[in-house]
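Encoded as structure tokens, the structure appears first; notes follow it.
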Protein chains: 2
Amino acid sequence: MTDTPPRTRIQTRNRATILEAALEVFASRGFRGATLDQIAQSAGLSKPNLLYYFRSKEALHIAILEDLMDLWLAPLREMDPEGEPREEILRYVRRKLDMSRNHPRESRLFANEILQGAPRARSVIEGELKTLVDDKAAVIAAWSAAGRIGPVDPHHLIFSIWALTQHYADFEVQVRAIMGGTDPYPAAEAWLDRVFGAVLEISRDAT
Amino acid sequence: MTDTPPRTRIQTRNRATILEAALEVFASRGFRGATLDQIAQSAGLSKPNLLYYFRSKEALHIAILEDLMDLWLAPLREMDPEGEPREEILRYVRRKLDMSRNHPRESRLFANEILQGAPRARSVIEGELKTLVDDKAAVIAAWSAAGRIGPVDPHHLIFSIWALTQHYADFEVQVRAIMGGTDPYPAAEAWLDRVFGAVLEISRDAT
DNA sequence: CTTCAATTTGACCACCCGGTAAAAATCACG
DNA sequence: CGTGATTTTTACCGGGTGGTCAAATTGAAG
């Protein structure tokens, strides 16, 4: 599974440079749209030299995807079953929105992969991701059943958080075209707080 | 601007077949990822024959995009300033979710285009789309100011509707991986009703 | 300075892909 | 059936792209 990790300083440095460059190019052009020449040039290396570090374009893309998943799932992992439900969920929303703001390329790369049918990430999604989501969905369901938050469909709540937060990164061009020069994130943060605040509210006509 | 419309029966039939095939392929592989051979084969034509109907790959993609926009914007256009605010918005949500359900390929094609920075749709987005959105946002803002719905940020409300509904089409692979074999749409419909119902609710601590 | 391994380069290749040209086949119509 | 326009096919091309290979260069260590 895990091949021998990079050894020398040159290896670690160059692998990092390549991954950074590849993230940029893959995110903005998609897998097929990206070329090894572009990535190599953006990394300041020659194409054969790049291929010395990563066996193939595919291997490079997979490496990025693997690096990505930890970062990507961290906010959901941090959701604490022992915490205050409403606060935990709202924090997750904020952390996820921060991801869109601070890592838009990662978001777009991931979106690209899913859009194409997840040809290279399918196993992670059906495995690690699904497990984590089911796990946290159970937590949320318990909170809901205990009346500590309003009645929610846990899975669809999670989908909503993903959709709403990632939208600002994935559809950035559209958002910016409509909002003009303004930075959308401050308003988005307030808005998402309001949306999920309202959804988690315990129904007023409860006893 | 508009070139001479198709004349003969063969033209209309074949153009339609090609557009259908191209929608399929572009949606699932992206612009760069799609090949003319795939599209031609999927349409049951030879590549040169396809190029007899559309001058280039780019022209074909643009033609699809143009066809798409009317369909895509129809639900928002239908939002009636004279209608009952809450009902109008909730209907828009439902219509948009129906779009994801019945036209997932169109949704993914569009998502692909935006993700890549809207190289071929930029003008439509900055023009037609922005105008429409600003228009409807003003309507929503008026409703909100009149106290007929809760206080909302109209633009971000619209973004939220787009994000939540399109998510089920664009990230279908992920949704299905997590939900298993179940059709997500029935639950999604109920959930989105609940989400936007809660958001539009007039604050309980109003006088 | 030597020496061996790690790294980088330059030259190259086979394949794919968008697009063209021109001949061949088909169609519409009198 | 004849004829001119429309449609389809066959053969082809040039550029781009992922990937290879062997030689050259550089780095680490005694």
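Please read all numbers here as calculations on a predicted model, not as lab measurements. Excluded from the calculations below are hydrogen atoms, water molecules and symmetry mates; all remaining heavy atoms, backbone and side chain alike, are included. To find a chain, count down the sequence lines: A is the first, B the second, and so on, and within it residues start at 1.
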Practice item. Specify the separation, in whole Å, of atom CD1 of A:Ile18 and atom C1' of C:dT7. Key: 12 Å

Check your understanding: Quick one: are A:Leu109 and A:His61 in side-chain contact, heavy atoms under 4.5 Å?
Key -> yes

Review point. Would one find a side-chain N or O of A:Thr8 under 4.0 angstrom from OP1 or OP2 of C:dA6?
Key: no

Check your understanding: Between A:His61 (NE2) and D:dG19 (P), how many Å, whole number?
Key -> 13 Å

Practice item. Could you state the atom-to-atom distance from CG of B:Leu45 to P of D:dT8 in whole Å? Key: 7 Å

Practice item. Have a look at B:Phe54 and say if it touches a base, only the backbone sugar-phosphate, or nothing, with a 4.0 Å heavy-atom cut-off. Key: nothing

Practice item. Check the distance between C:dT9's C1' and A:Tyr53's OH and give it to me in whole angstrom. Key: 13 Å

Practice item. Figure out the CD/P separation between B:Gln38 and C:dC16, and round it to whole Å. Key: 12 Å

Review point. Rounded to the Å, how far apart are B:Ile10 CD1 and D:dT7 C1'?
Key: 6 Å

Practice item. Scan A:Arg32 against the nucleic acid and name what it touches under 4.0 Å (heavy atoms): base, sugar-phosphate only, or nothing. Key: sugar-phosphate

Practice item. Consider only side-chain N and O atoms of A:His103 and A:Asp98, and report whether a donor and an acceptor are under 3.5 Å apart. Key: no

Exercise for review: Would you please say whether a donor-acceptor pair under 3.5 Å links the side chains of B:Trp191 and A:Ser160?
Suggested key: yes

Practice item. Ignoring backbone atoms, test whether B:Tyr52 places a side-chain nitrogen or oxygen under 4.0 Å from the OP1 or OP2 oxygen of D:dT9. Key: no

Practice item. Give the nucleotide from the list C:dC16, D:dT6, D:dA11 with an atom nearest to the side chain of B:Pro48. Key: D:dA11

Check your understanding: Base, sugar-phosphate alone, or nothing: which one does A:Ala59 contact when heavy atoms must sit under 4.0 Å apart?
Key -> nothing

Practice item. Could you tell me which non-hydrogen atom of A:Ile64 sits nearest to which non-hydrogen atom of A:Ala22, and how far apart they are? Key: CD1-CB, 3.4 Å

Review point. Roughly, in whole Å, what's the span from CG in B:Asn14 to P in C:dC27?
Key: 12 Å

Review point. Base, sugar-phosphate, or nothing for B:Ala34, non-hydrogen atoms under 4.0 angstrom?
Key: sugar-phosphate

Exercise for review: Have a look at A:Thr35 and say if it touches a base, only the backbone sugar-phosphate, or nothing, with a 4.0 Å heavy-atom cut-off.
Suggested key: sugar-phosphate

Practice item. Could you please name the option among D:dG19, C:dG18, D:dT7 that lies closest to any side-chain atom of A:Leu51? Key: D:dG19

Check your understanding: To the nearest angstrom, how far is B:Asn49 atom CG from D:dT7 atom P?
Key -> 9 Å

Point to revise | Plane angle bin for B:Tyr168 and B:Tyr185 - parallel if under 30°, tilted between 30 and 60°, otherwise perpendicular | key: tilted

Point to revise | Base of C:dG18 paired with side chain of B:Lys47 (donor-acceptor, under 3.5 Å) | key: yes

Check your understanding: Given D:dT7, C:dT7, D:dG18, which nucleotide is nearest the side-chain atoms of A:Gln11?
Key -> C:dT7

Exercise for review: Would you tell me if any nitrogen or oxygen in the side chain of A:Ser46 comes within less than 4.0 Å of OP1 or OP2 on C:dT9?
Suggested key: yes

